[in-house]
Amino acid sequence: MSESQNSVKLPIFDISRPFSSSSLKSLSLACKEWGFFHIRNHGIPKDLCRQLHFVSNQIFSFPSDVKLKAGPLSNIRTYTPHFIASPFFESLRVSGPDFFASVQSTCQALINQPIHEFSHAMEEYGSKMEKLSKSIVEVILMSLGPEFEQKFASEFKNCHGYLRVNNYTPPEFTTNVQEEEEVEGLGMHTDMSCITIVYQDEVGGLQVRSKEGKWMDIDPCQDTLVVNVGDLLQAWSNGKLRSSEHRVVLKEPVSRFSIAFFWCFEDEKLIVAPKEIVRSENLRVYKPFVCADYLKFRESNEKGKFEKVGFTVKHFAGK
Ligand SMILES: O=C(O)CCC(=O)C(=O)O
Ligand SMILES: [Fe+2]
């Protein structure tokens, strides 16, 4: 790959109250410029992440025919095998709000028995993510303007979340690893969420595309989680918050692990930027749309699926 590789310096936002006006300012700038920031004091224990990583590895190392029992042709379709998004990517979906039941049914499909420790750990992680998402949305609203949290928090009261546990297995590199040999683990895309919270292990490889089109590394940062704005919040905020294009590249011959939590509006939600947000531009840049219609649009368009950006909310509802 020919792009030059630089790291982006994202602010690290302390998610425990109170928030200083300067930290809200830098959050708002990061949401405008990158659509990405880090959070700390997020309350997710390291041990919980380690445990999820450990058990997920065991599941990802099941033989393919076992994993495909939860694959795209199965009844539950919670496992995305290699070669759907990329040859190097596979993923397990865990749906909320009953994360426990979701994992139990995947394990039942895979091995005919539940894996209780995995279900419990996922339940804990999922419910902590829900809480965290609510706090993050609140703080993003605060960063948009005075009183915005009080005025608009209710718009997000029916949001729901799901998790994707991702395993990246790089190809066998030759001994002399050169930059050209890096491969795309997950192609460029935007998320179809309000916000996404990502736990990435220490391997790195997450990249964001700058407004100028340059790929920038989001380096793993000890004890923090990565948050990115998704398409739904970009549309709701009249483009004030940026849902930026991102991808994952594999630069080293080691596998990579991540967990992404997607916090989304309910399907029936009519997404329309509030007039207080539109005020300064005096023009809505997106036509109002129903959330489920956008999700359907992305799913029915090969170019819009999560692994390939072609069509996003701009193409769907942009004026
Ligand atoms: O693996 C990562 O770090 C990010 C994954 C991602 O962007 C996604 O699942 O939408
Ligand atoms: Fe993503």
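Residues: numbered from 1 along the sequence shown. Whatever order the structure lists ligands and atoms in, that order sets their numbers, starting from 1.
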task: Under 4.0 Å, heavy atoms only, figure out whether ligand 1 is touched by the backbone of Val226, its side chain, both or neither.
output: neither
message: For Asp191, which part has a heavy atom under 4.0 Å from ligand 1: side chain, backbone, both, or neither?
response: side chain
Hydrophobic cluster identity match, [X] and [Y], side-chain contacts under 4.5 Å:
X	Y	answer
Val227	Tyr162	no
Leu68	Val66	yes
Val208	Leu29	no

Could you tell me which atoms of ligand 1, counted from 1 in the order shown, lie closer than 4.0 angstrom to a heavy atom of [X]?
X	result
Val198	3 (O)
Asn166	1 (O), 5 (C), 9 (O)
Arg164	8 (C), 9 (O), 10 (O)
Tyr168	1 (O), 2 (C), 5 (C)
His246	7 (O)
Phe262	8 (C), 9 (O), 10 (O)
Ser258	1 (O), 2 (C), 3 (O)

query: Is the backbone of Asp219 close enough, under 3.5 Å, to the side chain of Asp217 for a donor and an acceptor to pair up by distance?
result: no
- request: For the pair His246 (side chain) and Ser244 (backbone), establish whether a donor and an acceptor sit closer than 3.5 Å, ignoring hydrogens and angles.
  value: yes
message: Would Gln200 count as being in polar contact with ligand 1, using the rule that some N or O on each side must be under 3.5 angstrom apart?
response: no
Pair Tyr79-Thr106, side chain to side chain contact (heavy atoms under 4.5 Å, CB included): steps then yes or no: CA-CA 8 Å; Tyr79 172 68; Thr106 293; over 6 Å; no
- line: When rounded to the nearest 0.5 Å, the distance separating CZ of Arg40 from OG of Ser16 is 8.0 Å
field: Atom pair CD/CZ of Glu90 and Phe83 - distance to nearest 0.5 Å
entry: 11.0 Å
- request: Work out the angle at the Fe ion (ligand 2) between OD1 of Asp191 and NE2 of His246, rounded to 10°.
  value: 90°
query: Below 4.0 Å from any atom of ligand 1, is there a heavy atom belonging to Arg247?
result: no
Atom name, His189 (N, O or S, nearest to the Fe ion (ligand 2)): NE2
task: Please name the residue in the list Tyr286, Phe148, Phe152, Tyr294 that meets the ring-ring contact (aromatic ring centres under 6.0 Å, His included) test with Trp236.
output: Phe152
